[in-house]
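Shown next, in structure tokens, is the structure this report addresses.
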Amino acid sequence: MRPLLHPMLINGRTGDPALYIETLFEQRAILFDLGDITALSPRKIRRLEHVFVSHAHIDHFFGFDRLLRVLVGRDKQIHLYGPDGFVNHVHHKLQAYLWNLVDRGLRDLIFVVTEIDSSLATQTVRFRLKTAFAADAIGAGRIDEGIVVTDPTFRVSTAVLEHHTPCLGFAIEEPAHFNIWKTRLAELGLPVGPWLRDLKRAVIENRPDDFPVRISSSMTSSNEHDMPLGKLRDVLTVTPGQKIGYVTDVADTADNRKAIVELVKSADLLFIEAAFARADVALATERAHLTTEAAGQIARQAGVRRVEPFHFSTRYTGEDERMRNEVMAAFAGQPRMKKDP
């Protein structure tokens with residue numbers, strides 16, 4: 001089944017962390033971490049609706065200025081999420097610039113920023129271009145079961161991890177996959193068209209069988225009519241949706257491992273940092289990062305289907321294959337066969 005979420009590491013395995021996820025059939029996107037995003041076209045940046053930042057170290061937050069520059073002058077609302085203190089980080093970024101002419105513009109750029117502390121309590125603040133990005137407190141709350149965002153197309157969960165500072169890991173899940181049976185549509189005399197998206201949404205939202213679905217052709221608005229959802233269920237097959245994990249900049253501790261495994265358990269795809277080679281475990285411990293071996297072990301323990309290591313330290317430039325092989329060996333449960341270099 002073709003997945004709805006299509007991820008791309010913007011800067012490969014060694015550049016600044018930034019995972020761009022496009023949603024199939026919809027002109028919108030999600031971003032995990034906000035490192036250097038100059039490789040993203042303005043068109044792709046304008047599709048963003050949600051940005052999830054693990055923590056505000058420069059290589060994870062440097063791209064905010066690029067995001068701001070592309071979006072200023074457009075009507076746009078962006079939701080940003082980060083760990084405790086994140087609201088202040090965004091505020092200081094915005095206040096670094098002069099906004100004395102904003103009252104002359106007709107368009108408004110809005111950032112809705114939510115920070116999440118170690119108890120999963122939240123604070124949300126809105127920043128609007130038309131008010132020179134003054135802080136407007138929206139309110140406080142708490143995340144239930146780690147779920148940050150629930151959308152008809154996806155759900156994002158988080159866990160607060162430790163990196164000598166709070167650092168968020170994330171998992172994004174599609175609610176379901178749909179296979180449309182064109183033969184069954186033909187048997188009912190129904191056309192293929194945009195109305196099928198409304199049908200899928202009705203199923204995702206667990207609408208009752210008597211819920212009306214408007215049938216229409218993409219070619220003409222004539223002959224539009226409603227059918228109850230119950231009579232349309234047989235035209236599609238529903239299977240579990242894709243799950244993608246994103247974990248970076250975490251110390252290799254028992255608590256972190258437990259939280260990561262719970263967050264990304266049974267993921268179809270896990271993007272996980274592997275900053276240091278397995279032989280450099282002392283460096284990894286000192287800098288609160290994972291080794292290649294630790295990354296592979298965590299992925300294996302979580303039972304993920306596929307692992308994509310990234311955030312390799314620049315000390316291993318040109319050694320991507322070696323680093324990836326070390327991750328894959330640990331992921332496969334292979335014992336060390338020879339002494340590390």
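- Using a cutoff of 4.0 Å between basic side-chain nitrogens and carboxylate oxygens, Asp65 and Lys93 are scored as salt-bridged.
- Side-chain N or O atoms of Lys44 include none that pairs as donor or acceptor with a backbone N or O of Ala39 at under 3.5 Å.
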Go through it in stages, so that I can follow the logic: the residues are Leu5 and Ile172, the test is side-chain contact (heavy atoms from CB on, under 4.5 Å), and I'd like the CA-CA distance, side-chain angles, deciding distance and then a yes or no. CA-CA 9 Å; Leu5 303 174; Ile172 182 169; 3.8 Å; yes

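- The ring pair (Phe, Tyr, Trp, His ring centres under 6.0 Å) test with Phe52 is passed by exactly one of Phe154, Tyr20, Phe32, Phe86: Phe32.
- When all heavy atoms of Val264 and Val304 are compared, the pair lying nearest together is O-CG1, 3.7 Å.
- Checked options Leu109, Leu129, Ile78, Val90; the residue passing with Leu68 is Leu109 (criterion: side chain to side chain contact (heavy atoms under 4.5 Å, CB included)).
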Between Asp249 and His289, is the side-chain contact (heavy atoms from CB on, under 4.5 Å) condition met? List the steps. CA-CA 5 Å; Asp249 287 48; His289 280 281; 3.4 Å; yes

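- Between Ile143 and Thr122, some side-chain heavy-atom pair lies under the 4.5 Å cut-off.
- Gln95 places a side-chain N or O within donor-acceptor distance of the main-chain N or O of Phe133, the cut-off being under 3.5 Å.
- Here the OG1 atom belonging to Thr292 is positioned 5.5 Å from the CE atom belonging to Met323, to the nearest 0.5 angstrom.
- The ring pair (Phe, Tyr, Trp, His ring centres under 6.0 Å) test with Phe111 singles out one residue from Tyr81, Phe127, Phe64, and that residue is Phe64.
- His60 and Asp16 form no side-chain donor-acceptor contact under 3.5 Å, judged by distance and modelled atom types alone.
- Less than 6.0 angstrom separates the ring centroid of Tyr246 from the ring centroid of Phe310.
- Thr124 and Thr114 are linked by a side-chain donor-acceptor pair at a separation below 3.5 angstrom, with hydrogens and angles left out of the test.
- Using a 4.0 Å cut-off between charged side-chain N and carboxylate O, Lys130 and Asp108 make no salt bridge.
- Clustering ILVMFWY residues whenever any of their side-chain heavy atoms sit less than 4.5 angstrom apart, transitively, puts Leu71 in the very cluster that holds Ile37.
- Separation of atoms CZ (Arg13) and CD (Glu319) is listed at 14.5 Å; rounding is to 0.5 Å.
- Formation of a donor-acceptor pair under 3.5 Å by the Thr291 side chain with backbone atoms of Ala294 is found in this model.
- Tracing side-chain contacts under 4.5 Å through hydrophobic residues (I, L, V, M, F, W, Y), one reaches Ile180 starting from Val192; they form part of the same cluster.
- Residue Glu321 qualifies as open at atom CD: its count of foreign heavy atoms under 6.0 Å is 12 or below.
- With hydrogens and angles disregarded, a donor-acceptor distance shorter than 3.5 Å links the side chain of Thr158 to the backbone of Gly169.
- With respect to Arg184 and Asp234, no salt bridge is recorded, no charged nitrogen being found less than 4.0 Å from a carboxylate O.
- Looking at heavy atoms from C-beta onward, Ile10 lies in side-chain contact with Leu31 at the 4.5 angstrom threshold.
- Residues Pro152 and Glu205 are in side-chain contact: their nearest non-hydrogen atoms beyond the backbone lie under 4.5 Å apart.
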Walk me through whether Glu49 and His79 qualify under side-chain hydrogen bond (donor to acceptor under 3.5 Å, both in side chains). CA-CA 6 Å; Glu49 291 185 354; His79 293 266; over 6 Å; no

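- The pair Asp151-Arg28 meets the salt-bridge criterion, with a side-chain N (NZ, NE, NH1 or NH2) lying under 4.0 Å from an Asp/Glu carboxylate O.
- For the pair Val213 and Trp195, the tightest heavy-atom approach, listed with the atom from each and the gap, is CG1-CE3, 4.0 Å.
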Could you walk me through whether Gln242 and Glu174 pass the side-chain hydrogen bond (donor to acceptor under 3.5 Å, both in side chains) test, one step at a time? CA-CA 5 Å; Gln242 180 184 209; Glu174 303 166 359; 3.1 Å; yes

Stepwise side-chain contact (heavy atoms from CB on, under 4.5 Å) check, Val203 with Arg207: CA-CA 6 Å; Val203 173; Arg207 298 291 187 177; over 6 Å; no

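- Rounded to the nearest 0.5 Å, atoms CD1 (Ile110) and CZ (Arg126) are 7.0 Å apart.
- Without hydrogens or angle criteria, Asp117 side chain to Leu120 main chain gives a donor-acceptor distance under 3.5 Å.
- In the hydrophobic clustering of this structure, Val247 groups with Phe331; members are Ile, Leu, Val, Met, Phe, Trp, Tyr whose side-chain heavy atoms approach within less than 4.5 Å, directly or through other members.
- Grouping the Ile, Leu, Val, Met, Phe, Trp and Tyr side chains by contacts below 4.5 angstrom, directly or via other members, places Leu19 apart from Ile45.
- When side chains are defined from C-beta on, Val148 does not count as touching Arg155, because their heavy atoms never get closer than 4.5 Å.
- Of the options Leu270, Ile244, Leu269, a side chain to side chain contact (heavy atoms under 4.5 Å, CB included) to Glu308 is made by Leu269 and by none of the others.
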side-chain contact (heavy atoms from CB on, under 4.5 Å) between Arg46 and Val70, intermediate numbers included: CA-CA 8 Å; Arg46 289 193 293 267; Val70 169; 4.1 Å; yes

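- With hydrogens and angles ignored, the 3.5 Å screen pairs a side-chain donor or acceptor of Asp268 with a backbone N or O of Lys243.
- If you take CD on Glu162 and OG1 on Thr253, they are separated by 6.5 Å, rounding to the nearest 0.5 Å.
- Rounded to the nearest 0.5 Å, atoms CD (Gln297) and CD (Gln301) are 9.0 Å apart.
- Placement of Val112 and Val87 in two distinct hydrophobic clusters is found when ILVMFWY residues are connected by side-chain heavy-atom separations under 4.5 Å, directly or transitively.
- When ring centroids are compared, His164 and His57 stay outside the 6.0 Å threshold.
- In summary, Glu326 and Arg322 engage in a salt bridge, as defined by a charged side-chain N under 4.0 Å from a carboxylate O.
- The main-chain N or O of Ser54 is found under 3.5 Å from a side-chain atom of Asp33 such that the two form a donor-acceptor pair.
- The pair Arg233-Asp209 counts as a salt bridge, with a side-chain nitrogen and a carboxylate oxygen less than 4.0 angstrom apart.
- A 4.5 Å side-chain heavy-atom check between Ile30 and Thr23 finds at least one atom pair inside the cut-off.
- Residues Pro7 and Phe271 meet the side-chain proximity criterion, which asks for heavy atoms closer than 4.5 Å.
- Counting heavy atoms from C-beta on, the side chains of Arg66 and Leu34 never come closer than 4.5 Å.
- With rounding to the nearest 0.5 angstrom, the CZ atom of Arg47 is 14.5 Å from the CD1 atom of Ile21.
- Asn256 places a side-chain N or O within donor-acceptor distance of the main-chain N or O of Ala251, the cut-off being under 3.5 Å.
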